[in-house]
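Note sheet for the following structure.
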Amino acid sequence: MRLSQYFMPTLKETPKEAEIVSHRLMLRAGMVRQASAGIYSWLPLGYRVLRKIEQIVREEQDAAGWQELLMPTIQSADLWKQSGRYEDYGKEMLRITDRHEREMLYGPTNEELITEIFRNGAKSYRDLPQGLYHIQWKFRDEVRPRFGVMRGREFLMKDAYSFDIDYEAGRRAYQKQFVAYLRTFARMGLKAIPMEADTGPIGGDLSHEFIVLAETGESEVFCDREFLDHDVLGADVDYDDSASVEKVVDYYTNLYARTDEKHDQALFEKEVPSERRYTGRGIEVGHIFFFGTKYSEPLGAYVTTPDDDSVPVQMGSYGVGVSRLVGGIIEASHDDNGIIWPEAVAPFKVGLINLRVADADCTAACDKLYGQLSEAGIEVAYDDRDESAGAKFANMDLIGLPWQLVVGPRGLKNGVVELKQRGGNGEREELSPEAAVAKLVG
RNA sequence: CGGGGCGUAGCUCAGCCUGGUAGAGUGCCUGCUUUGGGAGCAGGAUGUCGGAGGUUCGAAUCCUCUCGCCCCGACCA
């Protein structure tokens, strides 16, 4: 993409409404614009990142055996009255009346709807287990939206649901999602630690919040430092082998990790040696829980068993805040100059800077590099605008692409271009254009 | 939902107290000069002063109402 043709309205100054760093940087980098309180438009650069995150989430859900579907944003109030949540949800639920005076709502979540879909399509234990998910916009009419996309009213969320015949099977589904979450966040370059969460009326140990460690996080967290060295991507996971899955879950649950709500200082000190005690801040990016028959009973999602009994299905639900992750990743990865994207979610892999557009040789060299990299399938943001060098550097640092390929007349005279890694220590490597391409492609 | 604050140029903000022809920086446009970390000079365009009422000869400024947005707290993917 040539930046001279790209709609990326960056800002030199920070709009005053933005307080936290991810919000400031997203506005400055031209990723989003606020449409109204807690509601954002995603501009091309931001939307690219959102889609990358969404795709990683999708791939890991698919790998864990879940099937994607798509439910609507607008739902009928009827189902919510059946589950009792039409009253319980309160003012957070955006209620709408259509032209026929029917009560509708903009879905804050989808347990009711998915349960209805399931009950209409599955009647027997033979139809189980099932795992379904979708990635859809939700709306919760927060009293006080804040932190940009980290806590908007409208947000993109992946929510998955499991349907099983009994508790043990439900537990296995839960564990698969647990592992899928670890992999999902790790692929985005995040340290996400599963922490015990309230299980509500169900009890048991089947609820975890996944917390990304970030200085600017909203909740205080306490955990064993050992977690920082855990590597789930290196683990050999076979989702069809429950022992393999359980092994990973155990590895991530046998050490202390709690948010301030659940924190027990005495227990923390007892279980974790002082040098391994980590206290910091974090952002909740995922929440999984098993809730048994909470919805299947009132909504009548029953299946027949081999003995010809009729039992309500055991369910769990598993959420990932997709749009929140965009902010969360920035909170966890930035410096004074701007964003530092992990490569897996970066809007482009390489920022190609043409330092002197007016210089024919320089521009020819840049055009060639742009062509070669693009042909090799590398996503390149090519800054071919007629701007000063300083402006280009500052802008490229701001949008945070992993690699900067800097081409100027001075270097070209010596047959070299410069390659800089955004997240690195700022050092530039001088090498021939061919070598630079080889390095970026390889 | 309690408490606080802010709405003036695309962005950051001054002007308001003490009413009298709407400003600066930055960005934008034009030209020239520059060119390796948000360049210099010269010229230029840009506003229903959030909205509605009111007071006044006269309102960005004073009064009333209203809308929007932000921050702290309580609440949340």
Side-chain angles (χ1 to χ4, degrees), chain A residues 9-20 23-24 27-28 30 33-39 53 57 89-93 107-111 135-160 181 192 197-198 207-212 218-219 259 261 282-289 317-328 336-338 353-359 362 383 385-399 404 406-414 416-418 420 426 428 430:
Chain A
T10 57
L11 300 170
K12 203 165 171 178
E13 290 177 274
T14 303
K16 67 177 169 187
E17 72 263 22
E19 195 68 16
I20 64 162
H23 192 194
R24 292 204 303 257
L27 290 169
R28 286 194 53 212
R33 285 295 181 263
Q34 179 166 312
S36 84
I39 303 178
I53 291 171
V57 171
Y89 229 97
K91 289 190 165 180
E92 264 200 11
M93 180 143 72
T109 177
N110 287 66
E111 279 84 4
I135 300 173
Q136 177 64 290
W137 292 92
K138 308 280 192 290
F139 195 93
R140 293 184 191 171
D141 198 1
E142 300 261 355
V143 197
R144 192 189 152 206
R146 62 184 122 171
F147 304 147
V149 300
M150 299 253 292
R151 183 146 162 219
R153 292 194 291 171
E154 187 185 56
F155 55 97
L156 187 62
M157 179 178 174
K158 185 282 302 182
D159 40 322
Y181 273 41
D198 273 323
S207 181
H208 286 86
E209 289 179 6
F210 286 75
I211 304 283
V212 166
E218 46 194 328
S219 39
T259 62
E261 300 153 348
I283 301 161
E284 183 184 347
V285 290
H287 195 168
I288 61 178
F289 45 94
S317 79
Y318 316 92
V320 170
V322 176
S323 50
R324 167 179 281 190
L325 272 165
V326 179
D336 289 345
N337 296 325
I353 297 181
N354 182 344
L355 283 177
R356 192 87 59 86
V357 174
D359 183 304
C362 185
D383 195 343
R385 299 170 307 160
D386 186 14
E387 294 285 341
S388 73
K392 291 188 175 188
F393 285 127
N395 209 67
M396 203 55 88
D397 283 349
L398 174 63
I399 68 173
Q404 295 178 7
V406 181
V407 181
R410 208 170 73 190
L412 284 176
K413 242 179 264 173
N414 303 318
V416 296
V417 296
E418 290 169 12
K420 182 179 123 180
R428 296 174 184 177
E430 294 205 334

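Just so you know, these numbers use all the heavy atoms, side chains as well, and skip hydrogens, waters and symmetry mates. Letters A, B, ... mirror the listed sequences (proteins, then strands); counts begin at 1.
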Think A/Q34 has a side-chain N or O under 4.0 angstrom from the OP1 or OP2 of B/G68?
no
A/I399 has an atom CD1; how far is it from atom C1' of B/G38, in whole Å?
14 Å
Within this structure, what is the CG-to-C1' distance between A/D336 and B/G38, rounded to whole angstrom?
15 Å
A/D383 CG to B/G38 P, straight-line distance once rounded to whole Å
15 Å
All N/O contacts under 3.5 Å from nucleotides 24-28 of chain B to the protein, with atom names and distances to one decimal?
residue, atom, partner, partner atom, Å
B/G25, N2, A/E13, OE1, 2.9

Who are the salt bridge (Lys or Arg N to Asp or Glu O under 4.0 Å) partners of A/R428, not counting sequence neighbours?
A/E418
Would you mind reading off the distance between A/H23 atom NE2 and B/C70 atom C1', rounded to a whole angstrom?
10 Å
Test side chain to side chain contact (heavy atoms under 4.5 Å, CB included) on A/V322 and A/M157; report intermediate values, then the result.
CA-CA 5 Å; A/V322 176; A/M157 179 178 174; 5.8 Å; no
Taking only the P atom of each, what is the distance from B/U48 to B/U64 in whole angstrom?
26 Å
Among residues at least two apart in sequence or on other chains, which ones pass ring-ring contact (aromatic ring centres under 6.0 Å, His included) with A/F139?
A/Y106
Which residues pass the side-chain hydrogen bond (donor to acceptor under 3.5 Å, both in side chains) test with A/K138, sequence neighbours left out?
A/D159
Using a cut-off of 4.0 Å between protein heavy atoms and nucleotide atoms, how would you tag nucleotides 72-77 of chain B 5' to 3' with B, S and -?
BBBBBB
Does A/R28 reach a base, just sugar-phosphate, or nothing at all? Heavy atoms under 4.0 Å.
base
Pairwise C1' distance, B/G5 and B/A42 [rounded to whole Å]:
42 Å
Spacing of the C1' atoms in B/G54 and B/G58 (rounded, Å):
15 Å
Could you tell me how far B/G38 sits from B/U21 if I compare only their C1' atoms? Round to whole Å.
37 Å
Mate of B/C76 across any strand shown (Watson-Crick or G-U wobble, both atom pairs under 3.5 Å) is none
In whole Å, what is the span from the CD atom of A/E17 to the C1' atom of B/C69?
8 Å
Give the rounded distance in Å between these two atoms: CG of A/L412 and C1' of B/U35.
15 Å
Apply side chain to side chain contact (heavy atoms under 4.5 Å, CB included) to A/P145 and list each qualifying residue two or more places apart in sequence or on a separate chain.
A/A37, A/E142, A/R153
Give the rounded distance in Å between these two atoms: CG of A/D386 and P of B/U30.
11 Å
Rounded distance in Å - NZ (A/K16) to P (B/U12):
6 Å
